[in-house]
Amino acid sequence: MKRKTLYRILSVLVTAAIFFAACTKEKSDIRLIPTLASTQTLNIKSDAATVVGFVVAQGDGFSEKGVCYSTSPAPTTATSKVAYTGQNNTATFNVTLPGLAYATKYFARAYAINASGTIYGAELNFTTLPVVPTMTTTAITAITGNAATGGGNVTVTGGAEVTARGICFGLNHLPTVSDTKTSDSKGPGAFVSALTALKGNKTYYVRAYAINSAGTAYGPEVSFTTLVDLPVVTTVDVTTISKTGAASGGNVTYDGGGTVTARGLAWGTTANPTIAGTKIDGGNGLGAFVSTLTALQKFTTYHVRAYATNSVGTAYGSDIQFTTLADIQTWNIPGNYVGASYPGTTMADWSPDKSPQVISTIAAPDKLEGYVYMANAANEWKFATQPNWNGPNYGDGGAGKLDANGGNIASTAGYYKLNANTTTMTFTAVKTAWGVIGDATPLGWGDETALTYSPTQRIWQGVMHLTAASIKFRANHDWGLNYGSDKADGKLGAGAANIPVSLESDYAITLDLSHPNAYTYTANRWGVIGDATPGGWGTDTNMTWDATNKVLKVTLNLTVGAIKFRANDDWAVNLGGLNLSALSNGGDNIPIAVAGNYTLTLDVLKAVPSCTVTKN
């Protein structure tokens with residue numbers, strides 16, 4: 001009869017949040033209800049867990065109720081337990097399991113005891129949370145003025161993976177990972193950290209750190225003081241370069257934690273000069289200073305470095321190289337011919353600063369040369385040694401002599417090569433007509449094929465058929481005036497090597513003698529390219545010279561797409577643009593809206609290239 005009474009008054013103990021879903025007891029015929037409300041939770045921490053128990057049917061006779069737990073399944077009251085000490089007349093009871101180990105799996109069951117024995121709820125399990133790692137900070141060693149070595153040792157991971165570790169440091173106590181830090185791999189164990197970019201003669205505070213899912217842990221704080229470091233100084237760019245002088249200097253931005261007792265500029269003709277060589281004193285302390293170099297050699301390469309000295313030693317800025325000016329002379333050629341001969345420019349008659357020039361070279365500073373075009377039937381001119389009339393100015397002294405009191409020099413129309421010698425005080429003015437000669441040209445090496453001078457572009461130009469051989473530029477049917485190119489790079493030299501022609505084609509050629517002693521040429525064969533052409537964007541369709549209309553020409557089938565004109569099968573020189581009367585290098589693709597057979601022309605002899613696109 002007593003056991004029947006117990007069945008009527010007792011139903012079950014269950015665990016909420018971990019949901020004790022069914023209960024058992026030591027006597028097999030006791031039945032428990034297997035459900036709980038979903039709002040009940042299990043509060044898990046790293047060292048504790050709160051369990052909410054619920055008695056489905058409460059009755060008299062329970063001497064104790066609570067939760068038992070263990071790291072092994074099926075815990076009983078003989079292992080570890082926490083008894084509920086609150087009111088006995090409530091169905092729900094809270095029990096906190098204290099002193100748990102972090103990151104550990106536990107098994108728990110609610111229990112209730114009366115005179116007949118002990119009943120248990122269904123078993124559930126949970127794992128406590130990890131804790132932050134445990135670690136030490138290594139003493140600082142290898143201390144210099146800007147670096148040191150530290151580290152740490154992660155002795156306990158805290159039950160979770162250590163995903164980052166290193167040291168954090170700064171000039172204030174208790175640095176954190178928000179300050180400067182190193183990153184030194186992950187996991188447990190010892191590690192070494194390099195502290196860099198430190199300031200000299202400063203006290204730094206250091207803590208090792210380690211991070212896991214529970215948070216960031218720090219080792220004990222250690223401190224150290226850096227040594228005095230070398231200063232930091234920058235070299236100022238060289239300015240006001242002349243034939244015999246220049247200006248530079250430096251800026252001392254950091255004293256290394258000591259006192260800058262000397263600063264200045266070291267200089268010489270070899271790279272990375274030091275204070276053991278020639279130097280200019282610039283004072284002491286922090287800040288900028290200016291150094292003036294004098295008594296330098298003309299057209300000589302020099303090196304400069306700013307320096308700063310403290311108790312540790314001497315630091316240097318970067319090495320800067322410069323070259324003094326050569327003893328090159330520039331004379332102007334004013335006259336009554338300038339305005340008519342140089343249309344579309346700001347040049348003007350009898351204005352030395354608005355006139356063509358002759359210039360000497362480094363190798364021959366007393367010999368001036370240049371080319372001047374004179375369009376008038378009768379031209380008068382002089383040599384002006386300055387861009388004004390302050391003189392000395394030289395006229396014709398007779399027999400090719402320069403005379404400061406001489407009259408104007410007279411010349412007929414033509415393109416003249418002018419030379420002046422300041423040692424012998426003589427001059428020459430040779431009228432020239434230029435052309436292309438060589439075994440690649442129509443006339444071979446026997447005579448030059450003529451070019452035409454363009455006053456608006458100030459170049460000689462023409463189009464001719466060349467074979468795969470070589471060319472040079474020659475004037476007046478005389479080898480006394482000829483230019484070649486030793487590197488075939490567009491730069492010309494008097495009497496230099498033949499210029500190779502790699503492919504047979506029609507070439508548009510230019511000869512530019514308008515810049516004294518810096519003469520250049522181009523030799524371009526032209527083609528059309530684009531997705532509208534038979535060769536697409538990969539292969540040019542070559543154009544040929546139409547001597548009657550003075551244009552390059554090609555007839556071909558085009559599809560809907562776009563085209564451009566390209567020189568020498570290379571994108572370095574390519575013409576395009578939506579305005580066909582004014583093409584530009586690198587201009588827009590030219591659209592082809594309708595497929596068909598087209599005749600294309602290209603005029604590259606004008607100052608502004610143009611083309612026509614005509615559907616046949």
Side-chain angles (χ1 to χ4, degrees), residues 137-152 166-184 192-209 221-239 246-268 270-293 302-322:
T137 304
T138 304
I140 306 301
T141 60
I143 301 169
T144 68
N146 54 51
T149 300
I167 58 172
C168 49
F169 57 96
L171 298 175
N172 297 315
H173 282 287
L174 302 178
T176 70
V177 291
S178 297
D179 298 308
T180 305
K181 70 178 187 296
T182 67
S183 296
D184 302 296
V192 176
S193 305
L195 295 84
T196 59
L198 305 179
K199 295 295 184 181
N201 199 23
K202 296 289 185 182
T203 297
Y204 284 87
Y205 300 92
V206 181
R207 291 198 296 174
Y209 75 88
E221 179 181 89
V222 298
S223 65
F224 70 100
T225 300
T226 52
L227 306 177
V228 174
D229 197 12
L230 283 170
V232 173
V233 59
T234 58
T235 307
V236 174
D237 288 339
V238 181
T239 60
S248 182
N251 187 14
V252 182
T253 57
Y254 172 57
D255 58 15
T259 300
V260 175
T261 55
R263 65 185 189 185
L265 190 73
W267 62 277
T270 57
N272 300 317
T274 70
I275 57 175
T278 309
K279 67 179 188 294
I280 300 173
D281 181 30
N284 54 57
L286 294 170
F289 58 92
V290 177
S291 302
T292 301
L293 297 94
Y302 289 92
H303 296 261
V304 295
R305 286 201 300 173
Y307 71 87
T309 303
N310 66 6
S311 60
V312 177
T314 300
Y316 294 93
S318 58
D319 180 284
I320 295 180
Q321 175 182 307
F322 72 99

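Counting begins at 1 with the first residue of the sequence.
In terms of the side chain to side chain contact (heavy atoms under 4.5 Å, CB included) criterion, residue partners of Thr309 (sequence neighbours excluded) are, by chain and number, Thr261, Ala262, Tyr307, Thr314. Every residue was checked against the side chain to side chain contact (heavy atoms under 4.5 Å, CB included) condition with Val290, not counting sequence neighbours, and none meets it.
Listed for the Asn251 side chain is no donor-acceptor partner under 3.5 Å among the backbone atoms of Thr253. Although no hydrogens or angles enter the test, the distance criterion places no donor-acceptor pair under 3.5 Å between the side chain of Thr137 and the main chain of Gly152. Under the 3.5 Å distance criterion, the side-chain polar atoms of Asn310 are left unmatched by any main-chain donor or acceptor of Val260. Looking at Tyr204, its side chain never comes within 3.5 Å of a backbone N or O of Leu195 through a donor-acceptor pair. A distance-only check finds a donor-acceptor pair linking the side chain of Glu221 to the backbone of Leu174 [under 3.5 Å].
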| Derivation of the side-chain contact (heavy atoms from CB on, under 4.5 Å) call for Asn272 and Tyr316 | CA-CA 9 Å; Asn272 300 317; Tyr316 294 93; over 6 Å; no
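Closest of all the heavy-atom pairs between Lys181 and Tyr209 is CD-OH, 3.7 Å. Nearest heavy atoms, Gly170 versus Pro175: N-CB, 4.1 Å. Across all non-hydrogen atoms, the minimal contact from Gly250 to Ala306 is CA-CB, 3.8 Å. Shortest non-hydrogen contact noted between Gly317 and Arg305 is O-CD, 3.3 Å. Nearest heavy atom pair, residue Ala208 against residue Gly151, reads CB-O, 4.0 Å. For the pair Phe169 and Val206, the tightest heavy-atom approach, listed with the atom from each and the gap, is CB-CG2, 3.9 Å.
At least one side-chain heavy atom of Ile140 sits less than 4.5 Å from a side-chain heavy atom of Val222. Within the 4.5 Å cutoff, side-chain heavy atoms of Leu198 are placed close to those of Phe224. In this structure the side chain of Pro231 never reaches within 4.5 angstrom of the side chain of Asp255, judged on heavy atoms. In this structure, Val232 and Val252 have side chains that are not in contact, with every pair of non-hydrogen atoms separated by 4.5 Å or more.
Contacts classified as side-chain hydrogen bond (donor to acceptor under 3.5 Å, both in side chains) and involving residues 224-235 (residues at least two apart or in different chains) are given here: Asn146-Asp229, Thr203-Thr225.
Residue Ser248 holds its OG atom at 5.0 Å from CG of Leu265, rounded to the nearest 0.5 Å. Annotation: the span from Phe289 atom CZ to Asp281 atom CG amounts to 9.0 Å, rounded to 0.5 Å. Atom CG of Leu171 is separated from atom OH of Tyr205 by 9.0 Å, given to the nearest 0.5 angstrom. Distance check, rounded to the nearest 0.5 Å: OG1 of Thr278 to CG of Leu293 gives 9.5 Å. Between the OG atom in Ser223 and the CZ atom in Arg207 there is a gap of 13.0 Å [rounded to 0.5 Å].
Cation-pi contact between Lys199 and Tyr254: present, with separation from the ring centre below 6.0 Å and deviation from the ring axis of at most 45°.
Side-chain atoms of Thr182 and Asp184 include a donor-acceptor pair closer than 3.5 Å.
The aromatic rings of Phe322 and Tyr302 lie parallel to each other, their planes meeting at an angle below 30°, with 60° marking the opposite boundary.
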